[in-house]
Amino acid sequence: MATINNNYLKLKAGYLFPEIARRVNAFAQANPDAPIIRLGIGDVTEPLPLACRAAMTQAVDDMGDRDKFKGYGPEQGYAWLREAIATNDFQARGCDIDPSEIFISDGSKCDCGNILDIFGHDNTIAVTDPVYPVYVDTNVMAGNTGDANDKGEYGGLVYLPITAANDFTAQIPTQKVDLIYLCFPNNPTGAVATKAHLTAWVNYAKQHGSIIFFDAAYEAFITDPSLPRSIYEIEGARDCAIEFRSFSKNAGFTGTRCALTVVPKTLTAKAADGSDVELWKLWNRRQSTKFNGVSYIVQRGAEAVYSPEGKAQVKELIAFYMENAKIIRQELTAAGLEVHGGVNAPYVWVKTPAGLSSWDFFDKLLTNCHVVGTPGSGFGAAGEGYFRISAFNSRINVEEAMKRITAKFKG
Ligand SMILES: *Cc1c(COP(=O)(O)O)cnc(C)c1O
């Protein structure tokens, strides 16, 4: 008789987004004329930059030309894309990253989960609370956790609360952990890490032989030039960090799919016999076996992000979303709400008024303003009493939603 991976039975049924959909559908059915605006999504809304589309169109033509046609590409990604990334994203910011240390993939979500393939099951793993749920669920699937308790916390994971008291950046743990997930700029809180904060993490990791998984999916939204965009801007990070990046949020590739993971060749972890093994070799082996690369067409589209036109168009896209974020912050503040994030990130983290729970505030916004956001408690117990508003939307929707909220909450 075939058996299953029983770890899947420990997963809490995907609760957050299905529950949002259930409540929105029920409301829409009862109020068919209510013009609902969704500011809950973590997906981009604006079209792909022209430079990327032009490069992809050209790449389609290449595929129709016998001399330029491409079959299987390198599992690690084409060298021209890895070189453009190394030069523009890393070396230009003083990060000592070589193109050979970059692995192109079809998504950071996939890479964040797949990376566990090359790590043991005896690691102590730390995540923040609230957290991007992928980090937790992939550890559950891999068998790295126990069961969930009533609060949805899994046995065996170390939860690091991120709250207003610590500026929404986790306190460095006092106990030893082996793997640490960090996401800056943060989804869902919109918080960022200073150089000093990341330095403290790197020093901690080096002291304990830990590995940091650094999710920089939102680095393009950093507007403050003093903030690090890559963990490799911190001295010593080559010895303790893997960085995940994506074209999803900067260039709108959520539906096109292209991302990258950096595994420095200097990074090692322990084998059972006590020897140090290079993680680059393991990840390269893993990808060469289980992955066959991102399509040539999409990689050409991603390469165009680094052309002069591509850079200008991506900058404009980011500026558009960040203007949305600014409007959201301004209007909610004017309405008397306490807001965090939204300055170097596309997410605004709102304190619910009058001690309302995250879900009560969700219902109130939906019923009174016909606006949908994301309850903070859905990202973890410490997110209770908060609410995530996304800047990924059209200007007209953002302005209309803010008008309705201000009218309801002001005075
Ligand atoms: C959107 C997002 C990503 C990007 O995922 P892709 O699979 O590359 O689209 C990664 N991490 C976080 C926290 C995100 O919100």
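We count ligands from 1, going down the list as the structure has it; atoms in each ligand are counted the same way.
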For this session: Return the set of residues passing side chain to side chain contact (heavy atoms under 4.5 Å, CB included) with Thr367 (not counting sequence neighbours), or none when no residue passes.
Result: Phe27
Exercise. Side chains of Thr261 and Asp111: do they bring a donor and an acceptor to under 3.5 Å?
Worked result: yes
Exercise. Does the gap between the ring centers of Phe221 and Tyr347 come in under 6.0 Å?
Worked result: no
Exercise. With sequence neighbours excluded, what pairs up with Asp43 under the side chain to side chain contact (heavy atoms under 4.5 Å, CB included) test?
Worked result: Thr254
One pair per line, please: each N/O atom of ligand 1 matched with every protein N/O atom under 3.5 Å away, atom names first, then the distance to 0.1 Å.
{"from": "ligand 1", "atom 1": "7 (O)", "to": "Ser108", "atom 2": "N", "distance (Å)": "3.2"}
{"from": "ligand 1", "atom 1": "7 (O)", "to": "Lys109", "atom 2": "N", "distance (Å)": "3.0"}
{"from": "ligand 1", "atom 1": "7 (O)", "to": "Arg257", "atom 2": "NH2", "distance (Å)": "2.7"}
{"from": "ligand 1", "atom 1": "8 (O)", "to": "Ser108", "atom 2": "N", "distance (Å)": "2.7"}
{"from": "ligand 1", "atom 1": "8 (O)", "to": "Ser246", "atom 2": "OG", "distance (Å)": "2.7"}
{"from": "ligand 1", "atom 1": "8 (O)", "to": "Ser248", "atom 2": "OG", "distance (Å)": "3.4"}
{"from": "ligand 1", "atom 1": "9 (O)", "to": "Ser248", "atom 2": "OG", "distance (Å)": "2.6"}
{"from": "ligand 1", "atom 1": "9 (O)", "to": "Arg257", "atom 2": "NH1", "distance (Å)": "3.0"}
{"from": "ligand 1", "atom 1": "9 (O)", "to": "Arg257", "atom 2": "NH2", "distance (Å)": "3.3"}
{"from": "ligand 1", "atom 1": "11 (N)", "to": "Asp215", "atom 2": "OD1", "distance (Å)": "3.4"}
{"from": "ligand 1", "atom 1": "11 (N)", "to": "Asp215", "atom 2": "OD2", "distance (Å)": "2.6"}
{"from": "ligand 1", "atom 1": "15 (O)", "to": "Asn187", "atom 2": "ND2", "distance (Å)": "2.9"}
{"from": "ligand 1", "atom 1": "15 (O)", "to": "Tyr218", "atom 2": "OH", "distance (Å)": "2.6"}
{"from": "ligand 1", "atom 1": "15 (O)", "to": "Lys249", "atom 2": "NZ", "distance (Å)": "3.3"}

For this session: List for me each residue that meets side chain to side chain contact (heavy atoms under 4.5 Å, CB included) alongside Thr374, sequence neighbours excluded, and say none if there are none.
Result: Leu16, Phe17, Ile20, Phe379, Arg388
Exercise. Using the benzene-type ring in the case of Trp, are the ring centres of Phe69 and Tyr296 under 6.0 Å apart?
Worked result: no
